[in-house]
Every structure is written in C-alpha cells, then in structure tokens.
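Have a look at the structure below, then the notes.
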Amino acid sequence: MTDTVKPEQITVDEYVLKPIPATPEFAKLIFDIYDSDKENFRFIRSGYDYKSVDEVLNQYKNSRQDDDNWHYAYYGIFKDNELLGEIGLSGINVRNQIAEIGYWLKKSARGKGIIDRLLPTIEKLGFETLNLRKLSIFCDADNIASRRKAEKNGYVLEGIERERKLWPDGSVHDTAVFGKLKREWKK
C-alpha cells in the first residue's frame with residue numbers, strides 16, 4: 001500500500017501509543033473495561049457486544065494483527081504502563097487519500113483532555129506520513145461527547161447518515177459524520 005513504515009510506538013508528553021497485543025491478558029483487560037462501562041461503550045463500540053474475553057481476543061486477532069500494509073494504524077493509549085484507551089486510523093485508503101479516526105477511553109480517563117492532546121499526532125500521521133487529504137470521524141448521532149470532541153478539534157459536521165449502525169440489540173442508530181481536510185489542518 002505504501003512504502004512508509006508504520007511507527008511501532010509514538011510518545012506524546014506522558015502518553016505512549018503502541019499497538020495492543022492480541023493476548024489473553026490484554027483481552028481480559030479490555031473486556032473488564034468494556035464490562036464495567038457498557039452504557040458508554042454502546043456508543044464507542046456500537047458493533048460489539050462482548051460477552052467473553054475470548055470474543056475480545058478473537059476480534060483483536062482477526063482485525064488488528066500483522067498489518068504492515070496500512071489498512072489501519074490503531075494504538076493503545078498508555079500512561080505509566082496503564083491502558084487508558086485506543087486512538088488511531090482505520091479504513092485507510094491511500095489511493096483516495098482518506099481515513100477514519102477512532103478513539104475510546106475508559107471511564108477514569110475521560111474528561112482530562114487526553115484525546116485533544118493525542119489527536120494532532122494522529123492527524124499528522126494521516127496528513128503528513130500517509131499524505132491523506134481527508135480524515136473523518138464517525139460517531140453515533142446521540143453521542144454528544146464525541147460530537148463535541150470532533151467540533152472542538154476543527155472537524156466539520158458533514159451530515160447525519162440515517163440508520164447507519166445496527167446494534168447487537170437489534171436497534172438502528174443514526175451516525176454523525178465529521179470531516180477535516182488537509183488544507184484545514186494547519187489553520
């Protein structure tokens with residue numbers, strides 16, 4: 001896809017961004033984070049309804065391992081070796097020069113400006129390293145916190161996709177679509 005080597009680790013202030021290994025230990029950690037905050041994670045991970053550690057492990061093994069071709073660039077957010085969440089790029093399409101930014105934080109890490117501090121680094125990865133022209137953030141239309149985060153960081157609401165997501169409980173939800181163009185990035 002690209003000759004550029006994906007960074008294995010990125011340090012921003014006191015935060016270290018590195019891939020989350022697909023191990024039973026990390027799967028249990030992520031499952032416990034999810035299980036303790038299901039109400040908020042229904043927005044964050046709307047396609048998932050983890051019922052076991054094995055489901056988490058399989059999802060990480062199948063979707064995020066051994067990708068040297070830049071299909072995604074997702075990183076765990078660590079501070080003092082504690083996993084706080086994830087941030088990164090997915091749906092990377094170098095030919096069309098687009099990608100999606102995604103992120104989540106566990107409950108105890110929210111409201112501290114962590115995503116605001118890390119987002120410029122992920123944008124730089126997309127706009128400079130991969131020479132993308134557009135980054136998008138997709139979030140549940142009812143997820144006010146994520147919508148505010150996107151707007152605060154200069155993303156423009158491009159529209160609402162009606163009934164874009166089918167949740168595990170069978171309900172359908174609208175998705176807010178935000179975008180930032182490379183030419184808007186440095187302003």
Side-chain angles (χ1 to χ4, degrees), residues 1-2 6 10 12-13 15 17 30 33-34 37-50 59 63-64 70-77 84-187:
M1 186 178 248
T2 179
K6 188 186 308 180
I10 303 169
V12 180
D13 302 324
Y15 302 101
L17 306 180
I30 291 167
I33 291 169
Y34 166 81
D37 193 20
K38 284 183 184 177
E39 184 61 27
N40 282 305
F41 268 82
R42 67 189 170 94
F43 287 128
I44 298 166
R45 307 286 293 168
S46 60
Y48 301 96
D49 185 18
Y50 297 129
Q59 191 263 327
S63 68
R64 299 206 180 157
W70 285 97
H71 293 109
Y72 70 89
Y74 238 77
Y75 298 93
I77 303 167
L84 304 178
E86 284 184 291
I87 190 168
L89 299 171
S90 64
I92 297 170
N93 184 323
V94 173
R95 180 184 171 132
N96 288 311
Q97 299 175 312
I98 59 173
E100 298 171 23
I101 290 182
Y103 48 81
W104 64 265
L105 291 171
K106 68 183 188 177
K107 196 174 195 173
S108 63
R110 293 184 204 134
K112 298 178 181 178
I114 295 170
I115 298 301
D116 296 328
R117 290 170 75 184
L118 300 177
L119 205 49
T121 299
I122 299 302
E123 290 173 343
K124 183 177 180 179
L125 186 65
F127 288 133
E128 285 187 2
T129 304
L130 293 174
N131 195 33
L132 302 178
R133 64 179 171 76
K134 181 178 181 179
L135 296 174
S136 299
I137 295 175
F138 290 74
C139 64
D140 191 281
D142 292 331
N143 187 342
I144 303 304
S146 269
R147 292 180 69 161
R148 285 185 184 145
K149 184 69 58 192
E151 290 169 346
K152 179 182 177 185
N153 284 282
Y155 287 77
V156 176
L157 178 64
E158 296 181 336
I160 304 293
E161 286 192 45
R162 298 177 303 146
E163 296 189 9
R164 183 174 193 266
K165 287 283 188 169
L166 176 63
W167 285 11
D169 67 4
S171 61
V172 291
H173 294 259
D174 299 342
T175 298
V177 181
F178 293 86
K180 183 184 276 189
L181 303 176
K182 186 175 188 174
R183 67 176 179 263
E184 300 166 334
W185 174 50
K186 290 283 186 174
K187 290 183 180 180

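No experiment lies behind these values; they were computed from the predicted model shown. Quick note: numbers below take in every heavy atom, side chains included, and nothing from hydrogens, waters or symmetry partners.
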Trace of the side chain to side chain contact (heavy atoms under 4.5 Å, CB included) decision for L135 with I137: CA-CA 7 Å; L135 296 174; I137 295 175; over 6 Å; no
Gap separating the CD1 atom of I122 from the CD1 atom of I101, nearest 0.5 angstrom: 7.0 Å
CA sep, side-chain torsions, deciding dist, call: K6, L125, side chain to side chain contact (heavy atoms under 4.5 Å, CB included): CA-CA 9 Å; K6 188 186 308 180; L125 186 65; 6.0 Å; no
Any residue meeting side-chain hydrogen bond (donor to acceptor under 3.5 Å, both in side chains) with R133, in chain and number order, not counting sequence neighbours: none
E184/Y155 under side chain to side chain contact (heavy atoms under 4.5 Å, CB included): CA gap, chis, key distance, verdict: CA-CA 9 Å; E184 300 166 334; Y155 287 77; over 6 Å; no
Donor-acceptor under 3.5 Å (N93 side chain, R95 main chain): yes
Derivation and outcome, side chain to side chain contact (heavy atoms under 4.5 Å, CB included), residues W104 and I33: CA-CA 11 Å; W104 64 265; I33 291 169; 3.8 Å; yes
Ring pair (Phe, Tyr, Trp, His ring centres under 6.0 Å) contacts touching residues 108-144 (sequence neighbours left out): F127-W185
Minimum heavy-atom distance R117-P120, with the two atoms named: O-CD, 3.7 Å
Closest heavy-atom pair and its distance - F178, C139: CE1-SG, 3.9 Å
Nearest-0.5 Å distance that lies between atom CD1 in I160 and atom CG in D140: 9.5 Å
G102 backbone acceptor or donor facing Y74 side chain under 3.5 Å: yes
Electrostatic pair D116-K149, nearest N-O below 4.0 angstrom: yes
Separation of R162 CZ from T175 OG1 (nearest 0.5 Å): 12.5 Å
Atom pair CD (E128) and NZ (K182), whose distance is rounded to the nearest 0.5 Å: 7.0 Å
Reference residue I87; test side-chain contact (heavy atoms from CB on, under 4.5 Å); the match among I10, V12, I114, I77: I77
Side-chain donor-acceptor pair present, K134, N96, cut-off under 3.5 Å: no
Any donor-acceptor N/O pair, K106 side chain to D37 backbone, under 3.5 Å: no
Reported CD-to-CG distance for the pair E163 and D174, which is rounded to 0.5 angstrom: 6.5 Å
Heavy-atom pair with the smallest gap, counting every atom of L157 and A176: CD1-CB, 4.1 Å
Interatomic distance, L84 atom CG to R110 atom CZ [nearest 0.5 angstrom]: 11.5 Å
